[in-house]
Enquirer: 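I'd like to ask some things about the structure below.
None of the values given here were measured: they were computed from a predicted structure. FYI, side chains are in, hydrogens and waters are out, and symmetry mates aren't considered; it's all heavy atoms of this structure.
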Amino acid sequence: MNPEELDFPTPESDVESVTAESLKARIDAGEDVVILDSRMANDYEEWRIGGENVTTINVPYFEFLDEEIDDDVLAKIPADEHVTVLCAKGGASEYVAGALADRGYDVDHLDEGMNGWASIYEAHEVTGYDGAGTLLQYQRPSSGCLGYLLVSGDEAAVIDPLRAFTDRYLADADDLGVALRYAFDTHVHADHISGLRELAAEDVEAVLPSAAADRGVTYTDEVTLTEDGEEFAVGDATIEVVFTPGHTTGMTSYLLDGSLLATGDGLFIESVARPDLEEGDDGAPDAARTLHESLQTRVLSLDPDVLIGGAHFSDAAEPAADGTYTAPIGELRERMDALSMDEEAFVETVLADMPPRPANYEEIIATNLGVNDVDDDEAFTLELGPNNCAASQNALTSD
């Protein structure tokens with residue numbers, strides 16, 4: 001049974017509820033944070049809150065249901081430190097925190113649990129961007145998803161929008177006093193539900209690579225299909241379409257006014273793309289060869305000062321000084337050996353250490369193709385968890 005649907009007994013102690021934003025602020029400030037994650041072990045192993053200054057303890061909620069909690073369970077929880085209890089949605093954690101408070105522990109619990117954590121979406125200015133206008137990078141810490149908002153003149157464009165934050169893009173554009181003119185997807189995503197169609201319904205011109213649509217997208221009449229080399233004007237800035245297949249057959253990057261290449265899932269600042277999410281293990285070697293060619297001929301041929309900004313970051317990624325997950329091409333070439341390998345060595349490296357595929361990736365792809373029709377709550381639930389779109393479970397860059 002879902003623990004959020006259980007009728008928990010009422011502890012004597014009231015406990016404070018904390019927001020995901022306040023918890024993240026403590027983590028970002030470098031405070032030592034102790035988290036008691038009361039979800040089931042498999043959920044915890046798949047996806048949890050981490051950080052250098054974060055200690056997490058996994059004790060499932062049912063261990064606290066008996067009136068006399070086992071001493072071995074209580075021994076796992078530090079009695080001399082503040083502990084934040086979390087669960088999936090906030091119900092079980094409130095009970096567990098109360099049961100611990102009854103026994104003298106210093107605790108609070110995370111409001112809305114991991115769902116609340118997944119609702120955090122931050123915007124950071126890319127200060128190294130030197131094209132026309134201003135560039136923001138959106139960051140979703142729970143999944144490592146990244147997006148971009150280019151603002152120039154009285155117009156804006158968003159790259160790789162998430163359906164869950166459709167209203168956010170429109171509100172941000174409104175707050176900046178500009179019209180959100182374009183929404184671009186780099187490819188058919190496998191880890192999150194795209195916001196392209198929802199923005200199109202709000203009179204934003206939605207742009208999808210023609211090669212991505214060839215995978216079976218059902219809503220091509222709702223979007224503008226684009227080809228390699230085309231350009232789009234956003235105020236005084238120009239967005240150029242750069243076809244970079246490999247991660248998928250339709251993978252496309254966007255060069256933002258010659259200053260930042262939004263690479264989608266082709267290249268990240270700590271790794272390169274995994275090549276198995278479209279054609280599976282059998283097709284992965286050929287896809288890796290295509291990725292090698294794209295990186296060598298379309299990405300690494302750009303000026304070394306051009307910034308790379310992927311659609312994801314992992315725990316292994318180190319942000320730049322401005323807090324964004326961006327890095328110059330020249331720096332990545334120096335730090336990532338895979339970018340200097342010949343094709344054979346590159347393919348071997350890419351296929352050697354791929355992480356588990358993203359949770360629900362087949363359903364997510366079907367939804368992004370328009371084959372599946374899910375409501376907002378289902379869409380949000382489908383994309384919970386890590387993105388796992390990189391080729392390696394660890395960074396491919398050197399320190």
Enquirer: side-chain contact (heavy atoms from CB on, under 4.5 Å), that's the test. Do Phe346 and Leu295 meet it? Break it down for me.
Expert: CA-CA 11 Å; Phe346 178 86; Leu295 292 174; 3.8 Å; yes
Enquirer: May I ask you to list the residues sharing a hydrophobic cluster with Leu149, side-chain cutoff 4.5 Å, ordered by chain and number?
Expert: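 Besides Leu149, the hydrophobic cluster comprises Tyr121, Leu136, Tyr138, Val151, Val158, Leu162, Phe165, Tyr169, Leu170, Leu176, Val178, Leu180, Leu199, Val204, listed by chain and residue number.
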Enquirer: Using side-chain heavy atoms (C-beta onward) and a distance below 4.5 Å, is Leu74 in contact with Arg103?
Expert: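 Yes; the side chains approach each other to less than 4.5 Å.
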Enquirer: Transitive ILVMFWY cluster of Ile120 at side-chain heavy atoms under 4.5 Å: who else is in it?
Expert: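 Members alongside Ile120: Val18, Leu23, Ile27, Val33, Ile35, Trp47, Ile49, Val54, Leu86, Leu110, Met114, Trp117, Phe380, Leu384.
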Enquirer: With respect to Leu267, which candidate in Leu291, Thr244, Val272 satisfies the side-chain contact (heavy atoms from CB on, under 4.5 Å) definition?
Expert: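 So the option named by the test is Val272.
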Enquirer: So how far is it from Leu261 CG to Ile308 CD1, rounded to the nearest 0.5 Å?
Expert: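 One finds 4.5 Å between CG of Leu261 and CD1 of Ile308.
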Enquirer: Salt bridge or not for Asp281 and Arg357, using N-O below 4.0 Å?
Expert: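 Arg357 and Asp281: salt-bridged.
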Enquirer: With a 4.5 Å cut-off on side-chain heavy atoms, are Thr226 and Leu208 touching?
Expert: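 No. Closest side-chain heavy atoms not under 4.5 Å.
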Enquirer: Could you tell me whether Lys76 and Asp72 have a side-chain N and a carboxylate O separated by less than 4.0 Å?
Expert: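 The answer is no: the pair does not qualify as a salt bridge.
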Enquirer: Would a 4.5 Å heavy-atom cut-off, applied to side chains only, mark Asp108 and Val85 as touching?
Expert: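 In short, these two side chains do not touch, never coming nearer than 4.5 Å.
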Enquirer: What are the two closest heavy atoms between Leu135 and Leu260, and how far apart are they?
Expert: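 For Leu135 versus Leu260, the nearest heavy atoms are CD2-CD1, 3.8 Å.
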Enquirer: Listing request: all side-chain hydrogen bond (donor to acceptor under 3.5 Å, both in side chains) pairs with a residue in residues 194-207, at least two apart in sequence or in separate chains.
Expert: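 Applying side-chain hydrogen bond (donor to acceptor under 3.5 Å, both in side chains) to every pair that reaches into residues 194-207, excluding sequence neighbours, yields Asp185-Ser194, Arg197-Glu222, Glu205-Thr224.
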Enquirer: Output yes when Arg140 and Glu383 qualify as a salt bridge under the 4.0 Å nitrogen-oxygen rule, no when they do not.
Expert: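 A salt bridge links Arg140 with Glu383.
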Enquirer: Using a 4.5 Å cut-off on heavy atoms from C-beta on, say whether the side chain of Arg274 contacts that of Val350.
Expert: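 They are not in contact (no side-chain heavy atoms under 4.5 Å apart), so the answer is no.
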Enquirer: Measuring centre to centre across the rings, with the benzene-like ring taken for any Trp, is Phe64 within less than 6.0 Å of Tyr95?
Expert: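 No, the ring centres sit 6.0 Å or more apart.
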Enquirer: Does a side-chain heavy-atom distance below 4.5 Å link Thr186 with Ser253?
Expert: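 Side chain of Thr186 against side chain of Ser253, heavy atoms only: no contact under 4.5 Å found.
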Enquirer: Quick check: does any side chain N or O of Glu231 sit under 3.5 Å from a backbone N or O of Glu240, one acting as donor and the other as acceptor?
Expert: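 Not at all, since once roles are kept as given, no pair shorter than 3.5 Å links the two residues.
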Enquirer: If the condition is ring-ring contact (aromatic ring centres under 6.0 Å, His included), which residues does Tyr44 pass it with, not counting sequence neighbours?
Expert: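 Residues passing ring-ring contact (aromatic ring centres under 6.0 Å, His included) with Tyr44: none at all.
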Enquirer: Just wondering, do Thr134 and Glu125 contact through their side chains at under 4.5 Å, heavy atoms?
Expert: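 In contact.
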Enquirer: Please step through side-chain contact (heavy atoms from CB on, under 4.5 Å) for the pair Ile239 and Tyr182, ending with a clear verdict.
Expert: CA-CA 10 Å; Ile239 297 179; Tyr182 294 111; 5.7 Å; no
Enquirer: I'd like to know if Arg298 and Asp228 make a salt bridge, using a cut-off of under 4.0 Å between side-chain N and carboxylate O.
Expert: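 Salt bridge: yes.
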Enquirer: Could you verify whether a donor N or O on one side chain and an acceptor N or O on the other, from Asp37 and Thr56, lie under 3.5 Å apart?
Expert: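 No, because no side-chain N or O of Asp37 sits under 3.5 Å from a partner of the opposite role on Thr56.
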Enquirer: Are His192 and His312 close enough that some pair of their side-chain heavy atoms sits under 4.5 Å apart?
Expert: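 Heavy-atom side-chain distance check passes, below 4.5 Å.
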Enquirer: Test of understanding: with ring-ring contact (aromatic ring centres under 6.0 Å, His included), list the residues that count as partners of Tyr254, not counting sequence neighbours.
Expert: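 Tyr254 satisfies ring-ring contact (aromatic ring centres under 6.0 Å, His included) with Phe184 once adjacent residues are dropped.
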Enquirer: Just distance, no hydrogens or angles: give the donor-acceptor pairs under 3.5 Å from side chains in residues 320-331, sequence neighbours left out.
Expert:
residue	atom	partner	partner atom	Å
Asp322	OD1	Thr324	N	2.9
Asp322	OD1	Thr324	OG1	2.6
Asp322	OD2	Thr127	N	3.0
Asp322	OD2	Thr127	OG1	3.2
Asp322	OD2	Thr324	OG1	3.3
Thr324	OG1	Thr326	OG1	2.9
Glu331	OE2	Arg335	NE	3.3

Enquirer: How long is the gap from NE2 on His82 to CD on Glu31, to the nearest 0.5 Å?
Expert: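 One gets 9.5 Å once the value is rounded to the nearest 0.5 Å.
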Enquirer: Is there a side-chain contact between His124 and Pro319 (heavy atoms, below 4.5 Å)?
Expert: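 In short, these two side chains do not touch, never coming nearer than 4.5 Å.
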